[in-house]
Structure formats: structure tokens, C-alpha cells
Amino acid sequence: MAGPVRDRDLGMDRAITRRDFLNGVAVALTTALAPPRWLPGWEVGPAVPGSYPPALTGMRGSHDGSYEVAHRLREPGFWDTVGAPAATGERYDLVVVGAGLSGLAAAHHFRKAAGPRARILILDNHDDFGGHARRNEFTEGGRTFIGYGGSFAIESPAAYSPAARALVSELGVDVSRWSSVLDHTLYSSRGLRSGVFFDKETFGVDRLVQAPASAGDGEGAEDETEEKDAWPRFVAASPLSEAARAGLLRLVRDRVDYLPGLDAAAKKARLARMSYAGFLTGPAGVPRDVVPFFQARTHTLYGVGIDAVPAQDAWGLGLPGFEGMGLGDRPGPGMNYDAIPNNDAETYFFHFPDGNATLARLLVRGLVPAAVPGRGADDVVTARADYARLDEPGAPARIRLQSTVVRVAHRGPRGRGREVEVVYARGGKLETVAARRVVLACWHSVIPYICPELPAAQKEALAFAVKVPIVYTNVLLRDWRAFERLGVHRVHAPGGFHSSFNLDLPVSVGGYRFARGPQEPIVLHMVRTPCLPGHPAREQHRAGRIELLGTDFAAFERNIREQLARALGGGGFDPARDIRAITVNRWPHGYAYQYNSLFDRFWLEGGPTPCQTARRRFGRISIANADAGAYSYADAAIDHGLRAAREALS
Ligand SMILES: Cc1cc2nc3c(=O)[nH]c(=O)nc-3n(C[C@H](O)[C@H](O)[C@H](O)COP(=O)(O)OP(=O)(O)OC[C@H]3O[C@@H](n4cnc5c(N)ncnc54)[C@H](O)[C@@H]3O)c2cc1C
């Protein structure tokens, strides 16, 4: 979002920038100035010895230094440029690649079955554990504020499996407590509701309008009731053209059958093959300028806009236009899991202040007790993990961070050797360990590069899993008075750099207390999903990833400050004064790709799915990760971690 606002007005010169600079760029600079290593160009991440990763601000998520080695693996001749790895002499019963929920669940199950003396090593390329289940911390006025840098909540559109539920409860998490830890009325009692920010580049004028909950992306609107005249009032206050307003009102209010003459099954089959954007401008006949209003509504779930989301899914998601179509209440073939309403699944919900990072921290506590002090799922919320204890010689289970695995191969005949050699890059050098069993709980797209001995069909299936790029930005605000004045706590911004932002969910657990009033600091959560409308979903994800890796922290910071100034300026928001810290959790490889009836014929017409081929066990190597289920939820990560551990034990 380019604009005339000067850097100083935005606060680009504020101390926070320096702090982020120190955390993000300066450390990389220090490493660049260090004497060249024997692997030129290999960087180490921003975490310096003794640093505490959750409290690092600036560019986080897949931070600089975490992905360069893996990307270099794609270059032909990679192995010619590196020397022979150094053997550590370490031997493990199980080596897990990837310290996300899947890898941690696999290690947890293996240890439980094989006994506490089983030797386990978990390797991950990041400077923090948890994978997408990532914790952010901020300190302001002596208080700690916690945010989620990735995986938001224990929730799933499909029911949690008995095994995943058993693990959650074994970790001490009682999801039935959810309503007792959430302050249901904090925002609504102050008249704070949903809002839509129309930006002048897309809609001709900057305008924030209080909106019906169903006009946003649904995130965090559980407790909002929608008044009867909410839509007409919203539409009248919007800057949309007369024709667009009329078309929009007709769409949300009138019960029209836009595909007359077809039965419900035939309608669903048609809707599964057209995008929601195509439905709007085609059968529903709304003016073209309504499309930008809906374009980003599916970003937070699908990572793409309505040009790449099937109309049948839009029906399942509750988007307007289907009320009069007689589609019944049963999903049609090819619907995305996210679009299939499931009341049972919806009651299984819990959000910790750091999201599912709490699950990761509880799993790590079980594996390496010295690293995460305390007992139970309440005190872990405020516990400070000791990163120096994660990888101690002599400990049965170890977690080795900033270690990118570059090769996993059976020693001996292909797929049949008696042990597996795992080679990883750490601190600019290659090291090897030996394992009786390996679980690859990393992203599937990297596996063909690190495990070339896999069958060609399996490698092709693994490569199909193109992850969805997504950014969760957390901004620590001095207070939330501007939100109160404007009467909003969550804003959908269809044309914005971040397509939505919301004040944190008011949750108090264990010793952690949420802000009680608008005068207190608060974490603002913002979501961006870079994509390239008009192309098939997986192409959009690839393009979004390239764009994301080419956007530096300064560009993020400027966009964040400008977007918030423009959206909230009417409430007195001053980015230079009110923004205290920014953490951009960049996930170029974010959600697992979920199949889409517009682009994946097998998903609509039946037949084996790529993930079934991708996750086949190969000799001593088992394959986990949420990609193994083509399902972007924590329960898929857990289920496939547990399945891979069972394979490793067999
Ligand atoms: C922004 C975001 C929000 C989400 N919100 C929710 C939610 O609210 N609820 C929900 O249920 N699910 C949510 N999900 C999905 C859920 O969090 C994930 O499905 C789950 O955490 C994935 O766990 P995983 O272990 O399969 O993969 P990951 O968490 O991705 O872990 C895999 C790890 O392997 C590492 N790795 C990759 N290659 C290598 C290599 N060569 N060497 C070493 N390590 C490697 C990766 O860096 C990563 O750390 C969200 C996901 C994202 C990205």
C-alpha cells in the first residue's frame, strides 16, 4: 500500500525498528562478517546463544537463516560444493525430522511404547520448536504479553480422532473448560463489533464501517448476534456503487434459485466446478464491482480468494447467494473439509494465549523435562522454556534446533539397510547421526530432495503438497482506545495488505491475565495470505511464496503502520505512538494444501489421493506431517505423527 504518509508520521524511526533490526538483520550481519566457513553462503539463524526465541521480534516464523540450506539443495551440483559430513558417532533408536506437532507427537508415542530409555533425536531447521505451533512474547511495562505466531486453536472442521483426543487429554488439556477461560463479554459489553475497512485503492475511498458479523471472515465473531437491519445499514454506509449495493442486498436477502431446473445433486455438481466469483457474476448476476468486496473472504481458510474457491464450498462456508437454491443440508462430493459444517467438531475447541504452541511445549516437557519447568497445562502458559537444555548429551530425548536435514538414506541396500544415516547442516557444517528408525515429519515438498532413494511415484506425490503461504503478524499496542472509539474489535480489509486484523481473544489461563480495559496494552493479530488471483490454487501458493520471501521486514513494518493508521486514524490511532513492537510470523510453507474441486479432479471424481501415496513407509523411514493427510489442522499432524510412530515401532 503506497501512500503519501511520511516515515516519521508512521513511526518508522521509533525504537521498535531498532530492536527489530537488532534481532533480525544485525545478527545476520554479524555472522556475515565472521570468517568464512567451509560452506560459503550458509547462514545461521538469528538466534544467538542464550537468546530466548519466543521473545524475538521482527521477522520470525520461517526466519532468515532457517530455509537457505534447504533451498540450496534444489540446485544441481549441491553435493559437489560441500565436503564429506563429519560423523558425530551418535546412534538413536529414532530420529525425527521436524519438531512440529507431528514430529513431537511421533516422538512422544515412540517413547511411551519403547520406554523412557529409548534414544530419540528430533532435528529442526528453525531456532524454535513447535513448527507452525509457535509462541510470541512481548514485554511492556514489566508485563508479558503472549501471542500465537501460527496454529491458533485446538479445533478442526472434522471430528478429532480418538487418538488425537487421547493425546490432548493426556497432556492435561481439558477442552471443556474453554468457556470458563474466555471473557465472552469484554468486547461486546463495550459495543465493539466487527468492521470492514474499504481502502481507496480498491473502493475509491478509505472508510471503516461497522459491519454484520457475517460480512467479515468469521474469525473471532462467535459471540456477535446479527441485527435484522444490519446489512442494509452496512451497505448504505459503504462506498460501493448504487448498483453494487443493490446487488449485494439482493444476494444476502432474497431467496433466489440461481440454477432452476436442476435437482440438488446436479446443482452441487455444477457449483463444485465453478468458483464463487464465477457464481456471483454468472448465475447470481451481481455487478462485477461486488466481487472485490468478497474477494478476500476466503483468505484466512484457503489462502486464496474467491476466484479459486469452489461455489459449493462457499455455500458450506455460509457465504450468501444459496439460501433459495434448495441445496439441502448434506455436503456434495468434492467439498473441502473446511466447508463442511460439523456441530460436534465445533464443540471441541480450546485456545491458549500462544495457540497450539502450548501443545508443543507440553510435548517437549514430556520428552525433555529439564527444558520446560512445571507440571500441568495451566502453569505451562507462563513457563519460560530453557532452550539450552533441549539438546543435552546423555539425555535420552534431545531436540536439536537450527539443523536442516539434507540427506536421509538407508545404509546398505536401497530401502533395506539395517540403519539409516541422517545428514544435517548446523552452523555451516554437515554432521551425521545413525538411526534405527526415522520419521520424516517435515514438509513433504522437501522430502524428494533429502530422500532421493524413494520410488519416483512417491516423490511425485510428495511434491504435490504445495503448502499455502500465510503470515500471522502480532503487533503489541500501547492500548486499544482507538478500537473502542470506533466500535470495532475485528476488521476485515478486503483490499488490505493484511486482509484482516483483530484484538486478541480475551483469554486468561493459569497465571496469565488478559487486558481488562482499553487503557491496557494488547496484542493485535493480523493475517496476510499472498496469492495471485486468476490462477489455479497451487500456482497461487507458489507465487505467493516467492512474493513473501522477497518482502523484507521494513516493507512489512511500513505496510502495517500505514494500514492501521488509515483504518483506525478516525479513532485517534497514532502508529508512531501506539505501536510498541511487531513480530511478523512469515510462513512461506504454511497450511497443508487441501484438495480443491476446481483443480483436483481426483478429489471430485474419486480415486487415490496423492497424500496416500506420499505417506507410504519406505524401509525404516516413515512419513508424517499434516501434509500426510492433506489436511491443515493440528489433529492431522498428530494423527499422522502417531501413525508414523506405530510404523517405526513395528
Ligand atoms: C498460520 C497457521 C495457523 C494455523 N491455525 C491452526 C488452527 O487454528 N488449528 C489447527 O488445528 N491447525 C492450525 N494450523 C495447522 C496446524 O498448525 C498444522 O497442521 C500443524 O501445526 C502442522 O504440524 P506439522 O508437525 O505437521 O508441521 P510443521 O508445524 O510445519 O512442522 C514441521 C517442521 O519440520 C521442519 N522441517 C522442514 N524441512 C526440514 C528439514 N529438511 N530439516 C529439518 N526440519 C525441517 C519445518 O521447518 C517445521 O518446523 C495452522 C497452520 C498455520 C501455518
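Counting starts at 1 for both ligands and their atoms, following the listed order.
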Any heavy atom of Ser632 sitting closer than 4.0 Å to ligand 1? yes

Should the pair Arg119 and Tyr92 be classed as cation-pi, given the thresholds of under 6.0 Å to the six-membered ring centre and 45° from the axis? yes

Please say whether His126 places an N or O atom under 3.5 Å from an N or O atom belonging to ligand 1. yes

Ring geometry between His126 and Trp587 (parallel below 30°, tilted from 30 to 60°, perpendicular above 60°): perpendicular

Proximal candidate to atom 3 (C) of ligand 1 [heavy atom criterion; set Tyr67, Tyr472, Phe129, Tyr148]: Tyr472

I want to know if ligand 1 touches Val405 in the polar sense, i.e. an N/O pair below 3.5 angstrom. yes

Is it the case that the side chain of His109 and the backbone of Gly641 share a donor-acceptor pair, with hydrogens and angles ignored and the cut-off at 3.5 Å? no

Could you say whether the N/O atoms of Ser102 and ligand 1 ever approach to under 3.5 Å? yes

Check: Phe152 N/O within less than 3.5 Å of ligand 1 N/O: yes

Return yes if some donor-acceptor pair links the side-chain N/O of Arg361 with the main-chain N/O of Val380 below 3.5 Å, else return no. yes

At what distance is the nearest protein heavy atom to atom 26 (O) of ligand 1, and which residue and atom is it? Ala626 N, 2.8 Å

Checking His108 side chain against Gly366 main chain: does a donor-acceptor pair fall under 3.5 Å? no

Under 3.5 Å, side chain of Thr551 to main-chain N/O of Glu547, donor-acceptor pair present? yes

Gln540 side-chain N/O to Leu532 backbone N/O, donor-acceptor pair under 3.5 Å: yes

Protein contact of atom 22 (C) of ligand 1 - nearest heavy atom, named by residue and atom, plus distance: Ala637 CB, 3.8 Å

Options Ser151, Gly150, Ala425, Gly149, ranked by nearest heavy atom to atom 16 (C) of ligand 1, top entry: Ser151

Would you mind finding which of Ala634, Cys442, Ala636, Ala624 brings a heavy atom closest to atom 37 (C) of ligand 1? Cys442

With heavy atoms under 4.0 Å as the rule, classify the contact between Leu101 and ligand 1 as side chain, backbone, both or neither. both

Protein heavy atom at shortest distance from atom 47 (O) of ligand 1: Asn125 OD1, 2.6 Å

min-distance protein heavy atom vs atom 34 (O) of ligand 1 -> Gly98 CA, 3.2 Å

So is Arg74 actually on top of Tyr449's ring, under 6.0 Å and inside 45° of the axis? no

Kindly identify the option in Ser445, Gly641, Ala105, Ser403 whose heavy atom sits closest to atom 43 (C) of ligand 1. Ser403

For atom 33 (C) of ligand 1, the protein heavy atom that lies nearest, with its residue and separation: Asp124 OD2, 3.4 Å

Polar contact flag for His132 and ligand 1 (N/O pairs, less than 3.5 Å): yes

Quick one: do Arg111 and Asp93 make a salt bridge, cutoff under 4.0 Å? no

May I ask you to identify, for Val446, whether its side chain, its backbone, both or neither come under 4.0 Å of ligand 1 on a heavy-atom basis? side chain

Within the structure, does Trp443 bring an N/O atom to less than 3.5 angstrom of an N/O atom in ligand 1? yes

Under 4.0 Å, counting heavy atoms only: does Ser156 come that close to any atom of ligand 1? no

Does Arg407 make a cation-pi contact with Tyr424 (under 6.0 Å, within 45 degrees of the axis)? no

Report yes if the side chains of His489 and Asn502 come closer than 4.5 Å at any heavy-atom pair, otherwise no. no

Going by atom types only, do Tyr593 and Asp600 share a side-chain donor-acceptor pair under 3.5 Å? yes

Please work out, at 4.0 Å between heavy atoms, whether the side chain, the backbone, both, or neither of Asn585 comes within that distance of ligand 1. neither

Within 45° cone of Tyr148 ring axis and under 6.0 Å: Arg134 NZ or CZ: no

Measuring from atom 51 (C) of ligand 1, which candidate in Phe349, Tyr591, Tyr449 has the nearest non-hydrogen atom? Tyr591

Contact check, Ala441 vs ligand 1, heavy-atom distance below 4.0 Å: yes

Looking only at heavy atoms, is any part of Glu155 under 4.0 Å from ligand 1, and if so is it the side chain, the backbone, or both, or is it neither? both

Gln563 (side chain) donor-acceptor with His498 (main chain) under 3.5 angstrom: yes

Ala153: heavy atom below 4.0 Å from ligand 1, yes or no? yes

Tell me: protein heavy atom nearest atom 27 (O) of ligand 1, and distance? Asn625 ND2, 3.1 Å

